[in-house]
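Before any comments, here is the structure.
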Protein chains: 2
Amino acid sequence: MAGAKILVVDDEPFIVELVKFNLESAGYEVITASDGHEALKLIEKEHPDLIILDIMLPGIDGMEICRALRFKRETRDIPVILLTAKTGEIDKVLGLEMGADDYITKPFSPRELVARVRAVLRRTDKKARSEELIKAGPVVIDVDRHEVFVDGKKKDFTPKEFELLKLLASNPGKVFSREYLLENVWGYDYLGDTRTVDVHIRHLRQKIEKNSEDPKYIKTVRGVGYKFNELE
Amino acid sequence: MAGAKILVVDDEPFIVELVKFNLESAGYEVITASDGHEALKLIEKEHPDLIILDIMLPGIDGMEICRALRFKRETRDIPVILLTAKTGEIDKVLGLEMGADDYITKPFSPRELVARVRAVLRRTDKKARSEELIKAGPVVIDVDRHEVFVDGKKKDFTPKEFELLKLLASNPGKVFSREYLLENVWGYDYLGDTRTVDVHIRHLRQKIEKNSEDPKYIKTVRGVGYKFNELE
DNA sequence: CCAAAATTATAATGTTTTTTGAAAAAAATA
DNA sequence: TATTTTTTTCAAAAAACATTATAATTTTGG
């Protein structure tokens with residue numbers, strides 16, 4: 001995430017300055033706060049993409065802020081990197097319910113800081129991790145995750161159902177013969193009854209169609225086969 | 001980093017000699033300076049791999065040098081170990097000079113010195129570093145420390161379990177086939193039964209899931225493989 | 001409207017895949 | 001080397017899924 005907005009919270013002005021300088025050199029936009037209250041106000045107003053938080057702060061301390069962020073919908077997904085002074089504090093940080101995405105122990109080198117910021121942003125940037133999605137009508141298929149959503153709701157499909165639906169939904173409107181479907185979903189060496197396809201089509205209809213008596217999407221083309229219809 | 005070039009800066013000739021002797025015995029190349037100006041000149045000319053810096057120096061003092069180094073691109077990544085006389089100075093170093101990578105209080109033993117030099121060089125050696133935390137569901141994996149926390153409590157995992165969990169938790173939601181897992185955890189040359197994966201999955205479930213009969217996180221995707229599920 | 005053809009429904013049966021328990025083998029450690 | 005830990009193998013049991021036979025329904029052309 002190039003040019004991300006980063007909030008740095010520390011009560012030592014020198015640390016804030018140093019972190020700010022290094023992050024800005026690396027191409028990030030930096031805003032700063034020196035205590036917990038100021039930080040919370042800024043988070044609400046500025047919606048930073050990442051927060052670097054000293055664990056020891058006057059007033060509300062870093063871990064409390066971290067925990068507080070997790071309870072609000074708008075702030076829950078903002079990644080946090082904690083600054084810890086002593087090695088002993090790490091276990092505490094890791095051991096408690098860890099809202100933070102990473103930690104850095106002081107003293108640390110600017111290079112390490114920038115590297116970790118980059119890593120956390122890369123990891124949490126959802127847009128960058130594009131996945132292959134097949135969309136047709138009310139159906140969205142996430143191939144990587146092997147998940148199917150119908151009208152935005154996740155539904156379970158058996159392996160054969162999944163493959164069959166994938167094939168149909170990949171080419172909306174195109175008619176597939178039972179033979180073609182058997183060859184491509186079941187395999188060329190399949191020796192079973194062609195009626196098998198019908199049964200699976202029925203299962204798909206039960207999971208996809210609002211009224212499986214009168215299918216809107218998975219249409220029968222009499223004498224030919226089946227197709228996934230896209231509505232006009 | 002064998003044979004690294006180390007710059008030692010101190011105004012006391014005895015200390016410089018002591019440090020120089022021990023580091024050279026340990027196989028490092030050592031150059032020296034006795035004040036801030038000389039140090040800065042040498043850094044520019046010699047590009048040392050590490051700087052050992054007395055915090056109290058005539059003229060420009062150690063902390064100022066340290067800070068100055070952080071503001072120049074060419075010197076930003078050179079690790080610095082600070083020498084402090086009084087224990088009271090440590091907090092100052094930790095709090096302010098995050099540019100430093102470590103510190104040693106005088107008086108120090110030669111062994112400690114060499115150990116810390118080695119540690120800092122190892123830590124800052126580019127290839128070896130920059131790991132991150134892997135988080136998924138109730139699991140936090142600290143790769144550097146080879147530790148796993150489940151619901152904030154540290155749990156032990158065997159090597160295979162650790163690698164398998166790491167891979168699954170690194171890509172929450174994504175389904176991995178048994179073959180893929182075998183290739184990436186066991187290695188491409190592994191010739192064992194694919195059921196081996198199942199057994200290890202079982203062990204992971206026993207350590208992660210509250211009820212391993214009904215796993216919430218490590219899900220089976222029938223006919224495909226396994227995935228680490230992120231809950232909504 | 002009727003009969004033939006095609007499709008769909010249901011349920012029982014058969015198959016594959018996964019889980020599980022236990023023990024053998026291998027590897028690591030003392 | 002002895003002991004412990006870890007990994008792997010194997011096979012039975014369970015669970016999930018696929019297939020088939022049969023019956024019911026729908027469609028279509030005459």
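Numbered from 1 within each chain, the chains take letters A, B, ... in sequence-line order.
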Along DNA chain D (nearest heavy atom to each residue), the more 5'-positioned of B:F157 and A:T196: B:F157
Upstream residue (5' side of DNA chain D) when B:P159 and B:R222 are each assigned their closest nucleotide: B:P159
Atom-pair distance (CG on B:D193; P on D:dA11), nearest Å: 11 Å
Euclidean distance, atom NZ of residue A:K219 to atom P of C:dT8 [Å, nearest integer]: 12 Å
Donor-acceptor side-chain pairing of A:R178 and A:Y226 below 3.5 angstrom: yes
Phosphate contact (D:dT7 OP1 or OP2) by B:T158 side-chain N/O below 4.0 Å: yes
Presence of B:T220 side-chain N/O under 4.0 Å of C:dT17 phosphate oxygens OP1/OP2: no
Lys/Arg cation over aromatic A:F176: A:K227, 6.0 Å, 45° cone: no
Euclidean distance, atom CD1 of residue B:I218 to atom C1' of C:dT19 [Å, nearest integer]: 14 Å
Closest nucleotide among D:dA15, D:dT8, C:dT7 to the B:H203 side chain: D:dT8
D:dT19 phosphate, OP1 or OP2, under 4.0 Å from A:W186 side-chain N/O: yes
Side chains of A:Y103 and B:D142, donor plus acceptor under 3.5 Å: yes
Nearest-neighbour nucleotide for the B:R202 side chain, C:dT10, D:dT8, C:dG21 considered: C:dG21
Residue-phosphate contact under 4.0 Å: B:Y190 side-chain N/O, D:dT8 OP1/OP2: yes
First encountered from the 5' end of DNA chain C, between B:V224 and A:R178: A:R178
Check: D:dT20 base within 3.5 Å donor-acceptor of A:R195 side chain: no
Flag, side chain of A:R205 to backbone of A:I218, donor-acceptor distance under 3.5 Å: yes
Atom-pair distance (CZ on A:R205; P on C:dA9), nearest Å: 7 Å
A:K207 to A:F157 six-membered ring, cation-pi geometry met (6.0 Å, 45°): yes
Separation of D:dT8 C1' from B:D198 CG (nearest whole Å): 12 Å
Rounded distance in Å - CG (B:D156) to P (D:dT5): 11 Å
Nucleotide C:dT17, atom P - distance to CD of A:E163 in whole Å: 13 Å
Atom-pair distance (CD on B:Q206; C1' on D:dT6), nearest Å: 14 Å
Any A:Y226 side-chain N or O less than 4.0 Å from OP1/OP2 of C:dT8: yes
